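Just below is one structure, and these are the notes that go with it.
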Amino acid sequence: MGETGATVGPGPEQELARARKARARKLRKRRELRRVLRLQMDWRGRTVPLLGWWVALLAVASGLLYGSAADPGDLGVAGLPVALTGIAGGVAWGALVVAAAPPLIGIPVVVVSYFVGALTFGPAVPGALSAGTVGMVAGWMVGIQVRWILVGRRRRSAPPWPQQQLVDRSRPRRPAPITRSERPALVSSGVASVGLLVFSLLFFVLRAPSTLPTWLLLVTLALAWAVPTGWWSGMTESRYAVGGAPFVAAQWGILFNAWGAVGVHGLPVSVTAGMAGTGLGFVARRLYDARVGRHPRQRQGSTSSA
């Protein structure tokens, strides 16, 4: 009779080695994820760019408008004083939370504080609530800047602090044509953005033509906020600028702007215009890059700023 060979499986040592390698891979992935989150969300390592201050300025202007035009019932006082009070409270609260707390704590606190304020103070001072809701976005930018002044400079001078790679503006631009795979996404994004504006016009204005001036004002404010944010999104994706906390604040601010417009019954208009503006800004940035090109990314050790 012939001998039959039996297949010998991996021994205990090999199984242990594989298990150790698998655990090491998981640990590396977790560390990389934490590193990326720190780069994107930690507001201690960078200043607020000009686009962030533009959003803060619009937040204050929008809050003053919403607070002044909100429904009467603000403790017997209506108009600009109530709006100014709400703006001051919103800016102070937003700056305090962002400057004092890390993102994983600060973001939930800010969101919960809106709903607590709506239930507690909303019926008594709707104008101040509307103004303060939008004013918090300006407070976030102030808090991010304060956090950088207090902690960021010291943190930057204590390596290893991971720095996001930017572009080298000292080198000439390189062509960045729109690829075949990008074209359908850009076209659909542009069409959807324009469609949202058209839908908003048809749905809200045609049913009540007298609301056209209010619709135009709300849409103008939302687009002035959302289009630069969408442009900023395109810059961040192409590594023309650091996104981080200021960019996240600008994005979340579009939603808070819509919540603040509740006092003037403008939430649907502000939401649709904000979504449309973000898409239009991103498409415009990509078309601009395709037309003029992009600067190459920094080399290792380069200190050029974006």
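Please read these numbers as outputs of a predicted model, since none were measured by experiment. No hydrogens, no waters, no symmetry mates; every other heavy atom, side chains included, goes into these values.
Side chain of S188 to backbone of A185: a donor-acceptor contact under 3.5 angstrom is found. Of the possible donor and acceptor atoms, none in the side chain of R285 sits under 3.5 Å from a partner among the backbone N and O of G234. Checked by atom type and distance alone, the side chain of S68 never pairs as donor or acceptor with a backbone atom of L65 at under 3.5 Å. Put simply, the side chain of S193 gets close to the backbone of S189: a donor and an acceptor are under 3.5 Å apart. Judged by distance alone, the side chain of T179 and the main-chain N or O of E182 form a donor-acceptor pair under 3.5 Å.
Smallest separation of non-hydrogen atoms from I87 and A131: CD1-O, 3.4 Å. Contact between N257 and S62 at its shortest, heavy atoms only, is OD1-CB, 3.8 Å. The two atoms that bring A224 and W54 nearest to each other are O-NE1, 3.0 Å, heavy atoms only.
Two residues are said to be in side-chain contact when any heavy atoms from C-beta on lie closer than 4.5 Å; W225 and V137 meet this criterion. In this structure, L280 and V194 have side chains that are in contact, with non-hydrogen atoms separated by less than 4.5 Å. Side-chain contact check for Y66 versus T133: every heavy-atom pair is 4.5 Å or farther apart. For the pair R291/L287, no side-chain contact is recorded, criterion being any heavy-atom separation below 4.5 Å from C-beta on. Between M136 and V110, the closest side-chain pair of non-hydrogen atoms falls below 4.5 Å. W259 has its side chain out of reach of S270: every pair of non-hydrogen atoms, C-beta onward, lies at least 4.5 Å apart. The shortest side-chain heavy-atom distance between W53 and Q145 falls under the 4.5 Å cut-off. Residues T229 and F282 have side chains not in contact (no heavy-atom distance under 4.5 Å, counting atoms from C-beta outward).
To the nearest 0.5 Å, the span separating OH on Y114 from CZ on F256 amounts to 8.5 Å. Note: L119 CG to F115 CZ = 9.0 Å, rounded to the nearest 0.5 Å. Atom CE of M275 is separated from atom CG of L255 by 11.0 Å, given to the nearest 0.5 angstrom.
A cation-pi arrangement is present between R207 and F203, with the terminal nitrogen or guanidinium carbon under 6.0 Å from the aromatic centre and inside a 45° cone about the axis.
Heavy atoms of other residues, nucleotides or ligands lying less than 6.0 angstrom from CG of L50 number 12 at most. In this structure, W215 places its CH2 atom where more than 12 heavy-atom neighbours from other residues, nucleotides or ligands lie under 6.0 Å away.
Remark: aromatic rings of Y288 and W231 are close, center separation under 6.0 Å.
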